[in-house]
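Just so it is clear: chains get the letters A, B, ... in the order the sequence lines come, proteins before strands, and each one is counted from 1.
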Protein chains: 2
Amino acid sequence: MGNVRQERRSEIVEVALRLSEEHGLPAVSMRAIATGVGLTPMALYGYFRSKDDLLDGLVGRVLAEVPRPGPALGWRERLLVCARGAREVAHRYPRTFPLLLTRPVVLPEAVRVVDPLYGALLDAGVPGEQVAGLERMFSTFVLGFAVSEVSGRFGEGNLGTRQRRERAGPRELPAHHRLGEVLDLPVDWDAEFEKGLERLLETVGRAGSGERGPFTDGPDEPAVGEGERGGTRGRTDSDASPPA
Amino acid sequence: MGNVRQERRSEIVEVALRLSEEHGLPAVSMRAIATGVGLTPMALYGYFRSKDDLLDGLVGRVLAEVPRPGPALGWRERLLVCARGAREVAHRYPRTFPLLLTRPVVLPEAVRVVDPLYGALLDAGVPGEQVAGLERMFSTFVLGFAVSEVSGRFGEGNLGTRQRRERAGPRELPAHHRLGEVLDLPVDWDAEFEKGLERLLETVGRAGSGERGPFTDGPDEPAVGEGERGGTRGRTDSDASPPA
DNA sequence: ACCTGAACACCGTTCAAGT
DNA sequence: ACCTGAACACCGTTCAAGT
């Protein structure tokens, strides 16, 4: 089949990725890609309908490196592997990764990344109607955090707000002044990401155990969200709730 | 002082906003803005150092419409007002809003939006060292959700994955097949956003009450995150934990 | 102080033509 | 089938000049 065509296609995407990481996304022009692959700009249109199409290929190329854990691990570990893996990819391609938030997720690669997340949430006992929404919440956090980090959207953490804080006075920024010196500490992004994941996993566990609060008296199942250790003790298809 | 200058500046930003909403962000060019305001492109450089600088002005202009609730409301209500308000702004300026995720948050307008969130988290009892991180988690969700919604990153919800699901077969997308028809239901974005907020408020409540799990025996305070109904019964400054 | 004209070094894409 | 050349209608920005 059109295998040489596929080769050329991925060669083009590879050049685009290299250009993006070496000189930034704005440097990814059809003309620059073309010279990089040894062609005329017009030749690229034989492989991609438009530049947007080519950028979708770039998104797919990056998404392909996000790990997709199989059902061997427990659901918690699977979610962690996906989340940490995605963040690592962001650090690997810091100038390209922000594209993922800009472009729609209808690509087949995106669906392939989402599937293990759906599986993990189902195994956590999350009701079918809530799975997609919870997955979007989870992915939004992971993607948003990773993109913010590599694109500098978080600034250099809290640093640099100090001048502004002091210039503004307690009238305009009362909470900044209440927080005071805490805002001047450098941020440990690894720790913050892990903390966020921990919080989300707790939410998932609660959604998976029927969302009963501590005062709802239901069947006294062992609470999810406690003492999860490796192994294969995650639930399987058999106890996934029916779609109602 | 340079008041006529400020007038001109905001006139320029206003034209940029109109252009962006009417014809999309790519249509926001220095040349188009200039004709819109009745000047030569070069004249704009007297008011903004560069196009990026002008876009920062645009971000500030949009951020200025995000509500900043005072301390009259309870912390829960304040978080809800900020979150819902931000999402409404996204719906008001759907083609411009995605800029907020692209550009750094060092603008004074961004700090002004963050301050009430810090205040609410402090009033929820969140320890000082955790406030900034939790705020970033909250904002990442709100911004990420709103941007995904208006930029079409969420696709049309789950719809449209059906063809792909059926073409792929249970081998490649097992969880999609486990979920089955649930994925074909249309998504109620309002409800999903509210559900996400609810989950995050629960997390905030837990962080504010010392993060004890159901198996830690501590003082038997009434659990936060339960039975919250409207009204102004949120905590106030008086019971915020000191930064430690 | 505020603005303009001309110019530079770029873009994505179309279209007719080559082999 | 795959590629090229020339052209169109754009970009952001610099620089010298105008009033």
Between B:Asp53 and B:Phe48 the two heavy atoms that sit nearest each other are OD2-CA, 3.7 Å

What I want to find out is whether B:Glu109 reaches B:Arg61 closely enough, with some N-O distance under 4.0 Å, to be called a salt bridge. no

Classify the nucleic acid contact of A:Met30 as base, sugar-phosphate or nothing, counting any heavy atom under 4.0 Å across all strands shown. sugar-phosphate

Return the minimal non-hydrogen interatomic distance between B:Ala207 and B:Leu134, and the atom names on each side. CB-CD2, 3.9 Å

Check every strand shown and say whether A:Tyr47 touches a base, only sugar-phosphate, or nothing at a heavy-atom separation below 4.0 Å. sugar-phosphate

B:Glu21 with B:Arg92: basic N within carboxylate O range, under 4.0 Å: no

If you look at every strand shown and take non-hydrogen atoms under 4.0 Å, does B:Arg5 touch a base, only sugar-phosphate, or nothing? nothing

Taking any heavy-atom pair under 4.0 Å as a contact, classify A:Arg49: base, sugar-phosphate, or nothing. nothing

Students should find this one: the first and last nucleotides of DNA chain D, 5' to 3', lying under 4.0 Å from a heavy atom of chain B. What are they? D:dC11 to D:dT14

Carboxylate-amine/guanidinium contact B:Glu22 B:Arg95, below 4.0 Å: no

Hey, is A:Glu192 close enough to A:Lys195 for a salt bridge, meaning N to O under 4.0 Å? no

Using purine N1 to pyrimidine N3 plus N6-O4 or O6-N4 for Watson-Crick, or N1-O2 and O6-N3 for G-U wobble, both under 3.5 Å, which nucleotide pairs with C:dT13? D:dA7

If you assign each of A:Thr40 and A:Arg31 to its closest nucleotide in DNA chain D, which residue comes earlier from the 5' end? A:Thr40

Measuring only the P atom in each nucleotide, how far is C:dA9 from D:dA9? A whole number of Å is fine. 23 Å

